[in-house]
There are 2 protein chains.
Amino acid sequence: MKPVRMKDIARDLGVSVITVSKALRDHSDISAATRARVLKRVKELNYKPNYAARALVTGRSNMIGLVVPDLVHSFYSEIGNGLGGVLRKAGYNLVISSSEEDQEIESQVIDQLIARRVDCLVIASSNWTAAALKRVIEANIPFVLIDRRVPGIDANFVGGDDELIGVIATEHLIEVGCKTIAHIGGAKITPARGRLEGYKKTLAKHRLALGPEYIVTHDMLDESAHEVGYESAMSLLKLNPRPDGIFCFSDPLAIGTMRAILDAGLRVPEDVALVGCGNLHYDVFLRIPLTSVDQQSFAIGERAATLAIAMIDAESQSGPKPKPRSILLQPKLIIRESTYRKIHA
Amino acid sequence: MKPVRMKDIARDLGVSVITVSKALRDHSDISAATRARVLKRVKELNYKPNYAARALVTGRSNMIGLVVPDLVHSFYSEIGNGLGGVLRKAGYNLVISSSEEDQEIESQVIDQLIARRVDCLVIASSNWTAAALKRVIEANIPFVLIDRRVPGIDANFVGGDDELIGVIATEHLIEVGCKTIAHIGGAKITPARGRLEGYKKTLAKHRLALGPEYIVTHDMLDESAHEVGYESAMSLLKLNPRPDGIFCFSDPLAIGTMRAILDAGLRVPEDVALVGCGNLHYDVFLRIPLTSVDQQSFAIGERAATLAIAMIDAESQSGPKPKPRSILLQPKLIIRESTYRKIHA
DNA sequence: TTGAAAGCGTTACCAG
DNA sequence: CTGGTAACGCTTTCAA
């Protein structure tokens with residue numbers, strides 16, 4: 001039982017395949033009567049156009065590829081949701097691949113998506129070798145980077161204002177009276193560097209700068225962030241003077257940190273105040289509700305989708321390519337109990 | 001700058017396109033020397049096969065469609081992860097669509113995926129009208145249902161043993177001394193019914209059956225589960241006698257319930273013990289760590305992928321279709337503080 | 001307003 | 001072992 005083809009409809013109606021094709025795509029030069037007949041038969045036979053055939057001739061697949069390091073981390077699934085909604089309404093399908101934060105796998109899935117001739121790639125890459133990106137550029141496929149930039153590549157980007165995130169978090173800790181503020185972060189990825197930068201600048205501005213032992217960085221899977229946070233915090237708490245505030249790169253890190261503080265017999269926020277980043281939806285239900293910097297992940301997805309569609313459209317017009325744009329979403333501090341402290345000032 | 005085609009490679013090497021095609025697919029009747037030359041040139045030119053063209057002629061797209069009600073809920077993203085890993089290794093791509101728990105959207109995305117000629121559909125449907133499924137069957141596309149069954153449809157299924165989940169959760173509450181056990185659940189979806197059934201049977205077995213006012217059910221988006229749990233729990237807590245144990249259909253529901261109990265000035269687990277379902281990774285970090293029944297969501301994804309691939313292979317062999325299988329994963333109780341109680345027995 | 005011819009990049013079938 | 005021919009289902013271009 002083969003799928004219905006345009007040919008079948010054309011035969012039934014005594015018209016040509018071309019007529020059917022045009023009627024289906026609302027081409028102007030088709031009589032209303034013919035179109036109606038076609039549409040009627042289409043419905044009767046439950047005809048579905050074959051996208052592969054269409055893609056072959058038009059050169060457009062109507063698919064967008066999304067590559068993320070980790071599907072399970074809600075930050076990325078929210079991005080996926082934002083993307084998916086916009087794309088669905090625009091008639092695109094979303095092909096999602098997880099790189100599992102592994103460079104090898106990332107290359108492999110990107111190659112796959114190139115072979116699929118996706119119309120645009122949306123990529124949150126971690127260990128980014130320019131090599132993988134180069135293949136995308138060579139394949140002449142437009143792409144949008146999200147969340148993480150690639151040093152040396154001037155590409156379209158949608159993400160958070162990471163330095164500002166670092167500033168906001170650190171300023172807040174200072175405001176609630178912290179004097180010895182530590183940071184637990186990522187290592188190589190650009191958001192980690194931006195947030196660290198914001199943290200450092202803010203400390204410097206307030207003349208609170210500390211030795212490097214108050215900064216712990218690791219590259220990690222989000223899955224293991226809890227444990228990394230726990231271990232990192234444990235070592236930070238042994239320092240003298242002990243930190244009275246900790247700014248964590250992500251909420252999962254902050255959750256591990258919180259557990260370490262409590263296990264060490266200290267109180268949050270009285271002894272150590274804590275700020276995370278991501279504003280995950282369960283933050284409010286934690287042992288101690290977590291103050292966090294919201295990154296607007298859903299909006300990142302939406303904006304990336306809009307940008308992707310714009311790039312595809314620009315591609316089909318043979319005009320000059322628009323310059324790459326950087327869209328930075330404004331971070332917003334969400335204050336919860338983990339930083340409710342008397343202001344010592 | 002057009003993508004490289006087999007034709008280009010054939011021309012460069014002075015062989016035919018067919019030879020290239022065969023060499024690329026490890027066809028037996030090609031000399032090692034020729035294959036080596038082809039592969040070398042393929043690498044040099046960074047050739048990527050055009051999957052659309054291949055799909056057109058083979059009738060197989062090497063894509064699998066996944067339809068879930070909500071990408072953000074970690075239950076589904078874990079399923080997606082399990083699926084994605086297995087499929088990637090088998091050379092398939094995953095096209096993911098969220099139905100946003102909306103029947104209209106669900107139909108629409110399923111139609112899209114049919115038009116894409118995905119080789120198999122993996123579907124977790126909520127408001128399932130047989131109609132949507134019928135189109136899949138008519139299109140002759142194999143499919144696997146996950147998590148939620150469709151009444152009246154004898155299809156391949158991978159999910160949890162929901163009645164057993166209800167039994168395990170309720171037995172546990174009884175064991176820790178609860179006498180008045182309420183249930184907050186879903187309404188129409190089959191897992192909700194199964195868990196409710198297990199709950200009821202267990203109460204009956206222990207002669208603890210209660211009036212229907214101790215059971216609250218709602219169909220809901222996972223996004224709103226927190227609030228639904230909160231409201232439902234608030235009303236349950238006004239009953240006389242007051243419940244001393246609550247079994248919630250999902251962890252998000254349980255989190256809302258926990259908040260309601262605490263807001264009502266009661267203690268967990270001393271006044272009300274609480275069991276959820278899903279064993280989400282943050283359960284352990286909640287205000288009161290949550291006892292939960294693990295559903296093995298990652299495994300559900302893996303098994304669904306394996307099944308999907310098996311169905312596709314079976315399809316290509318013209319043998320008789322294997323009978324639909326039901327794969328039920330064993331639930332496992334994870335005990336945490338929300339049910340640590342003295343045993344009153 | 002309609003249609004005929006050509007072709008998109010690939011693979012299947014069958015000859016050489 | 002190699003290759004020609006046809007076909008997959010659709011759209012584009014141009015002519016009627």
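Because the structure is predicted, anything quoted here is derived from the model rather than measured. In what follows, chains are A, B, ... by sequence order, proteins preceding strands, each numbered from 1.
- The distance from atom CZ of A:R54 to atom P of C:dT10 is 21 Å, rounded to the nearest whole Å.
- Put simply, CG on B:D8 is 9 Å from P on C:dT10, counting in whole angstrom units.
- Rounding to the nearest 0.5 Å gives a distance of 10.0 Å between CG of A:L133 and OG of A:S107.
- A:I18 has its CD1 atom 14 Å from the P atom of D:dT13, to the nearest Å.
- In this structure, a donor-acceptor pair under 3.5 Å is present between the side chains of A:R149 and A:S326.
- The side chain of B:Y47 places no N or O atom within less than 4.0 Å of a non-bridging phosphate oxygen (OP1 or OP2) of C:dG9.
- With C:dG9, C:dG7, C:dG3 as the candidates, the nucleotide lying closest to the side chain of A:V57 is C:dG7.
- One interatomic measurement links the two molecules: CG of B:L24 to P of D:dT2, which rounds to 14 Å at whole-angstrom precision.
- To the nearest angstrom, C1' of D:dC10 lies 8 Å from CZ of A:R25.
- A salt bridge links A:E44 with A:R41: at least one charged nitrogen is closer than 4.0 Å to a carboxylate oxygen.
- Defined by atom type and a distance below 3.5 Å, a donor-acceptor pair is missing between the side-chain atoms of A:R5 and A:N50.
- Among the heavy atoms of the strands, none lies under 4.0 Å from A:Y51.
- The closest side-chain heavy-atom distance from B:M63 to B:R117 is not below 4.5 Å.
- The nearest whole Å value for the distance from the CZ atom in A:R60 to the P atom in D:dC10 is 18 Å.
- Nearest-nucleotide assignment on DNA chain D puts the 5′-proximal partner with B:G14, out of B:G14 and A:S21.
- If you measure from atom CZ of A:R11 to atom P of C:dG3, you get 15 Å, rounded to the nearest angstrom.
- The NZ-P distance, from B:K22 to C:dC13, rounds to 11 Å in whole Å.
- Here the side chain of A:T19 is nearest to one of D:dG4, C:dG9, C:dT2, namely C:dT2.
- In terms of polar N and O atoms assigned as donor or acceptor, the side chain of B:K48 never comes within less than 3.5 Å of the base of C:dG9 in a complementary pairing.
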